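Read the structure below first, then the notes.
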Amino acid sequence: MSREFTEQESVRREARARLEEAGVNPYGYSWEVSHHAKDILEAFDDAKHQGVDGSAPLEEFKVSIAGRMMSRRIMGKASFSHLQDESGRIQIYVTRDDLPEGFYNSVFKKMLDIGDVIGVEGYAFRTRTGEISVHVQKLEVLSKSLRPFPIVKEQDGQVFNEVTDKEFRYRQRYVDLVVNPEVREVFRQRARMITTMRRFMDDRGYVEVETPVLQPLYGGAAARPFTTHHNALDMKLYLRIADELYLKRLIVGGFDGVYEISKDFRNEGLSRFHNPEFTMMELYVAYKDYDWMMGFVEEIVEAVAIELHGSTELQVGENTISFKRPWKRIPLLEAIEEKTGHDLSGKSRDEMAAIAAKLNIEVDDSMGSGKIIDELFGEFVEASLIQPTFITDYPVELSPLAKRHRSKEGLVERFEAICNGKELCNAFSELNDPDDQRARFEEQVVLGLGGDEEAMQLDEDYLRALEYGMPPTAGLGIGIDRLAMLMTNSASIRDVILFPLLRPETGVDDSVEESDD
RNA sequence: GAUCCCGUAGCUCAGCUGGCAGAGCAUCUGACUCUUAAUCAGAGGGUCGUAGGUUCGAACCCUACCGGGAUCACCA
């Protein structure tokens, strides 16, 4: 596919051609890196590495660095430029007389551009104006950049021409990462968060496992799936919406603790809080109940906050959130009573519907009591829960995989942690009575036949596993992206997913429409 | 899916009541061996998201569509 080049692209392509004519490979093979920019800035010591204030430069701080040229200030026979590597930026000082004959004037000045990746050898020094820099003695082209980068400038912490266009940043994340260094930091923190959680669970002896992404039946959550087809077996397959039912089969199999950090897929809308593929961490621990699991959640989230921020308190948007244990625990119905003044416990479905109607919540005949409770919670409670709070004991009809409450009729032993007005995790004492589980599945099937596209499917194999006997088990699911949003103070899930789903871009790949095989 | 806002040079943005398409950075030419939003002198660069419509005349007004953002509803 050919396309017309802009003026600046043509200039860069010509420069690449002239590099090749001059015998300079525009795409080098490797470069021995001795330091990153940050290492040099931290290790530089004025006492040991004197500047050029009249005295001859001391050359003992030799460095070899590589990175992308982000600025150029050319002054006749000498130039300054900033090189950016993963750790940050450092200024380099390039002079005609320190490079091979003709290299400075022809190659450096005429054939290189902002955005090119170069390797540089030289020694560190401090300029007259005080900036630690590298005096270049050898320079190699490692990759010629053929497209102009957005030029972002900065002075005294003030940023000029910052690239803020969300679409540009999400579609060309590679550019976003180059020109907005704080974006790299967000994804480093995300990685550290996951590493911390994994270590936390490994330390307790839980086994990280992998279960099928392609599933003949989908289950474990209320959501619409993506559907695909396996050609050789000629069968319909679903991309998983959750890992739950497979992980609990492993508890039946004798693992006492299993977890999986997985991509799940839900064929639903996109929003600031939703991406069709997202990352979930699910954990199941035998011989424990939901009460124990609340303690576990407090601990692991607190550990993440401390690892990332050195503190249990952090600023998220306008709120200061404290993850310090213990978190508040409120039964769902009490939370609703607190906000609305209405006690729903022991009320019939119709009594609840009347209360909801009084509170200006739309209720139709298809809504059961569980759904009404859920609506009231969503409307009057959820957004007001800023500090991490466990909401406990949900209606049984909303929780087909959770165990009945040991003392409260009509409820299950389930909790959600709510933080900054959003659900952070969902957990319960797992239902291990196979006959009760079958009955719950059958209710779901009825809902599905009634048109509920998010109803669960009846999974005979899962029931067979339960019939062999599953120990009492506590289960947990944490939305990793949601937690990453909190931990990195990001307003949108797209800011914590490297390549969020967007509509296809027109004009970049014309083959998209034709390739309908 | 509904509502509102946005789309102008590679990037960030102006563009008044409808009257010749603008600036800074970047790019190109020249000068400059301690600059740092480098500076100085000059130059080039546009399908104003797309398609219609109104008008003597549209970046600007109207309609539809495309893309993005925000809010709402469902879900994590």
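Both backbone and side-chain heavy atoms feed into the values below; hydrogens, waters and symmetry mates do not. In this text, all values refer to a predicted model and were calculated from it rather than measured experimentally. Lettering of chains follows the sequences in order, A, B, ..., and the numbering in each one begins at 1.
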Check the phosphate of B/G68 against A/R503, side-chain N and O only, distance under 4.0 Å to OP1 or OP2. Yes or no?
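For A/R503, the contact criterion (side-chain N or O under 4.0 Å from OP1 or OP2 of B/G68) is met.
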
Could you walk me through whether A/K144 and A/E20 pass salt bridge (Lys or Arg N to Asp or Glu O under 4.0 Å), step by step?
CA-CA 11 Å; A/K144 181 72 195 160; A/E20 283 168 336; over 6 Å; no

Going by purine N1 to pyrimidine N3 plus the second Watson-Crick contact, or the G-U wobble pair, all under 3.5 Å, which nucleotide sits opposite B/G30?
B/C40

For [X] and [N], give me the distance from atom [atom1] to atom [atom2], rounded to whole Å.
X: A/R272; N: B/A70; atom1: CZ; atom2: C1'; value: 9 Å
X: A/I418; N: B/A76; atom1: CD1; atom2: P; value: 11 Å
X: A/Q8; N: B/A9; atom1: CD; atom2: P; value: 13 Å
X: A/F278; N: B/C74; atom1: CZ; atom2: C1'; value: 13 Å
X: A/K153; N: B/A38; atom1: NZ; atom2: P; value: 4 Å

Please work out if A/L502 contacts a base, only the sugar-phosphate, or nothing of the nucleic acid, heavy-atom cut-off 4.0 Å.
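Sugar-phosphate, no base atom in range.
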
Considering every strand and a 4.0 Å limit on heavy-atom distances, what is the contact class for A/E154: base, sugar-phosphate, or nothing?
sugar-phosphate

What's the gap between B/G15 and B/A23 when it is taken at their P atoms, as a whole Å value?
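B/G15 and B/A23 have their P atoms separated by 15 Å.
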
Is the A/Y259 to A/F200 ring centre distance short of 6.0 Å?
no

Quick one: does A/T95 reach the base of B/U33 with a side-chain donor-acceptor pair under 3.5 Å?
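No, the side chain and the base share no sub-3.5 Å donor-acceptor pair.
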
When you match A/E423 and A/Y93 each to their closest nucleotide on RNA chain B, which lands nearer the 5' end?
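It is A/Y93, whose closest nucleotide lies nearer the 5' terminus.
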
Under the side chain to side chain donor-acceptor pair (under 3.5 Å) test against A/R414, which residue among A/T392, A/D393, A/N426 passes?
A/N426

A/F273 over B/A76, stacked by centroid distance under 5.5 Å, angle under 30°:
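So no, this residue does not stack on that base, at least one cut-off failing.
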
If you check every side-chain atom of A/I114, which of B/G69, B/A70, B/U27 has the closest atom?
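That would be B/U27.
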
